[in-house]
Amino acid sequence: HEIADRITVLRRGRAIGTVDARTAEPQQLADMMVGRPVVLTVDRTPATPGDPVLTVEALEVVAPDGHQLVDHVDLTVHAGEIVAIAGVEGNGQTALVEAITGLRPIASGAVRLGEEDLTVLGRKDILRAGVGHIPEDRNEHGLVGAFSIADNLVLNRWDDDRFADGRTRRRAAVEEYADRMIEEFDIRTPSTSTSAGSLSGGNQQKVVVAREFSRPIEVLVAAQPTRGVDVGSIEYIHRQLVAKRDAGVAVLLVSSELGEVGALADRVAVMFRGRLVGPFPAPIAREAIGLMMAGASPSEALGGAAA
């Protein structure tokens, strides 16, 4: 909108139409991109939080060079709520998520799922304890691009009795399950045998979402869940996150998109240089979040936003 005179929309390899940038509305462009009316706001009811599910206490994460990535972070996420962590990337959010999900060792502190100490469990056991994870980099930590969609959909459950008999893969069961996930999560692909790496970014993300949402979980850690995906997939993923919240799952959302934070969060925290402030009840002014992302204290940020 800011630099164009005319905007042409492509969908599935075809030019759908060209509009005047001065008069085109975001809703019009979104509808053209997806091919149907798109809801740009998230329709959700107020949260009804339950018991604490994910508890982080005095968590410290230190880089191999000694730099402190996470500095004494305390956080609690209850069943049936979405707690969002906002912040400029590189302020410790990645290390916090990786520590919670078992991808990075912690220096001190505790991470608990209910009464269970996750810090003594391996990555696989953390997932099986009931932690779902949508990683911020789907290609690095979410998918094996050369593997088929079917194999990626059971990547963290390949040895379940449902999908394997000892060391023998139950291929028919895997394919049947993949067919159902493709239909349920609207994954656009020619077949279950298509490699995940050949899909569009939005459909790759849907594979990750389908895998994590289709197994029993108590907490979902979603890091940049809509990064690099089309507006239709953003709408779909947002609806799925709210549905998980409404089903009683504790959702920890990490996002650098303030629009996403404002649309989904029931409580908002901000991370700056490894430290966490908040969470504060939503809604909270975007100006206040922005000030805290730049290092302002909560009192300064909230007072400045009000002024």
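Taking 4.5 Å as the limit, some side-chain heavy atom of Val19 sits within range of a side-chain heavy atom of Gln28. Considering only heavy atoms from C-beta on, Leu241 comes within 4.5 Å of Pro225 through its side chain. Between Leu96 and Val61, every side-chain heavy-atom pair lies at or beyond the 4.5 Å cut-off. Side-chain atoms of Ile16 and Leu10, non-hydrogen and from C-beta on, never get closer than 4.5 Å to each other. Side-chain contact check for Ile134 versus Phe213: some heavy-atom pair is nearer than 4.5 Å. Side-chain contact check for Leu264 versus Leu253: some heavy-atom pair is nearer than 4.5 Å. Counting heavy atoms from C-beta outward, Ile182 and Thr192 have side chains that approach closer than 4.5 Å. Side-chain atoms of Gln68 and Arg273, non-hydrogen and from C-beta on, never get closer than 4.5 Å to each other.
A salt bridge links Arg239 with Glu235; the closest basic N to acidic carboxylate O contact falls under 4.0 Å.
Note that CG of Asn152 and CE of Met181 are 14.5 Å apart. Values are rounded to the nearest 0.5 Å. Interatomic distance, Leu113 CG to Leu121 CG, rounded to the nearest 0.5 Å: 9.5 Å. For the atom pair Asp179 CG and Ser191 OG, the distance stands at 9.0 Å (nearest 0.5 Å). Summarising the geometry, atom NE2 belonging to His72 is positioned 5.5 Å from atom OG belonging to Ser108; distances are rounded to the nearest 0.5 Å. In this structure, CD in Gln205 is found 10.5 Å from CG in Asn203, a value given to the nearest 0.5 Å.
When all heavy atoms of Pro135 and Val208 are compared, the closest pair comes out as CD-CG1, 4.0 Å. Residues Ala84 and Ala265 share a closest heavy-atom pair of CB-CB, 3.6 Å. Nearest heavy-atom pair, Gly145 versus Ser195, reported as atom, atom and distance to 0.1 Å: O-CB, 3.5 Å. Nearest heavy atoms, Ala129 versus Glu116: CB-OE1, 3.9 Å. Ser193 and Ser148 get closest at one heavy-atom pair: O-CB, 3.7 Å. When all heavy atoms of Ile217 and Val131 are compared, the pair lying nearest together is CG2-C, 4.2 Å.
By the side chain to side chain donor-acceptor pair (under 3.5 Å) test, Arg286 is found to be paired with no residue, residues two or more places apart in sequence or in another chain being considered. Listed by chain and number, the residues in a salt bridge (Lys or Arg N to Asp or Glu O under 4.0 Å) with Glu175 are Arg171 (sequence neighbours excluded). In this structure Arg227 satisfies the side-chain contact (heavy atoms from CB on, under 4.5 Å) test together with Glu89, Glu136, Gln224, sequence neighbours excluded. Remark: Pro283 engages no residue in a side-chain contact (heavy atoms from CB on, under 4.5 Å) (not counting sequence neighbours). When the ring-ring contact (aromatic ring centres under 6.0 Å, His included) test is applied to Tyr177, the partners found at least two apart in sequence or on another chain are Phe163. Residues that satisfy the side chain to side chain donor-acceptor pair (under 3.5 Å) test with Arg22, not counting sequence neighbours, are Asp20.
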Donor-acceptor pairs are to be reported for all side-chain atoms of residues 49-59 against protein atoms at under 3.5 Å, with residues two or more places apart or in another chain.
| from | atom 1 | to | atom 2 | distance (Å) |
| --- | --- | --- | --- | --- |
| Glu57 | OE1 | Arg112 | NH1 | 3.2 |
| Glu57 | OE2 | Arg112 | NH2 | 3.1 |

Inset, instruction - Begin from the C-alpha positions of Ile7 and Leu29 and carry the test side chain to side chain contact (heavy atoms under 4.5 Å, CB included) through to its verdict. - result: CA-CA 9 Å; Ile7 301 171; Leu29 292 173; 4.0 Å; yes
Legend entry - Audit row: Arg123, Leu103, side chain to side chain contact (heavy atoms under 4.5 Å, CB included) steps and yes/no: CA-CA 7 Å; Arg123 166 69 173 167; Leu103 289 172; 4.0 Å; yes
Inset, instruction - Assess whether side chain to side chain contact (heavy atoms under 4.5 Å, CB included) is satisfied between Met293 and Asn91, documenting all intermediate values. - result: CA-CA 9 Å; Met293 287 169 62; Asn91 276 276; over 6 Å; no
Inset, instruction - Dump the intermediate steps for side chain to side chain contact (heavy atoms under 4.5 Å, CB included) on Val251 and Val221, then the final yes or no. - result: CA-CA 6 Å; Val251 179; Val221 182; over 6 Å; no
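Sorted by first then second residue, the salt bridge (charged side-chain N to carboxylate O under 4.0 Å, His left out) pairs that include residues 244-256, not counting sequence neighbours, are Arg245-Asp266. Residue pairs meeting the salt bridge (charged side-chain N to carboxylate O under 4.0 Å, His left out) criterion with at least one member in residues 64-76, sequence neighbours excluded, are Asp71-Arg275. Pairs engaging residues 75-87 under the salt bridge (charged side-chain N to carboxylate O under 4.0 Å, His left out) rule: Glu81-Arg267 [sequence neighbours left out]. The salt bridge (charged side-chain N to carboxylate O under 4.0 Å, His left out) analysis of residues 200-214, with sequence neighbours excluded, yields the pairs Asp186-Lys206, Glu212-Arg215.
Side-chain atoms of Gln204 never come within 3.5 Å of backbone atoms of Leu143 as a donor-acceptor pair (strictly under, hydrogens ignored). Checked by atom type and distance alone, the side chain of His133 never pairs as donor or acceptor with a backbone atom of Glu98 at under 3.5 Å.
Within a 6.0 Å radius of CD in Glu176, no more than 12 heavy atoms belonging to other residues, nucleotides or ligands are found. Counting non-hydrogen atoms of neighbouring residues, nucleotides and ligands closer than 6.0 angstrom, the CG atom of Asp117 exceeds 12 such neighbours.
In this model, a donor atom of one side chain and an acceptor atom of the other lie less than 3.5 Å apart for Thr8 and Thr18.
Both Leu153 and Val174 are assigned to one and the same hydrophobic cluster, defined by single-linkage of ILVMFWY side chains at heavy-atom distances under 4.5 Å. With hydrophobic clusters built from ILVMFWY side chains whose heavy atoms lie under 4.5 angstrom apart, Val254 shares a cluster with Ile126. Cluster annotation: Met292 and Leu258 are assigned to the same hydrophobic cluster (Ile/Leu/Val/Met/Phe/Trp/Tyr, side-chain heavy-atom contacts under 4.5 Å, transitive). Follow the hydrophobic side-chain contacts under 4.5 Å out from Ile100 and you reach Val70 in the same cluster. Both Leu252 and Met271 are assigned to one and the same hydrophobic cluster, defined by single-linkage of ILVMFWY side chains at heavy-atom distances under 4.5 Å.
When hydrophobic residues (I, L, V, M, F, W, Y) are linked wherever their side-chain heavy atoms come within less than 4.5 Å, the members clustered with Leu155 are Val144, Phe147.
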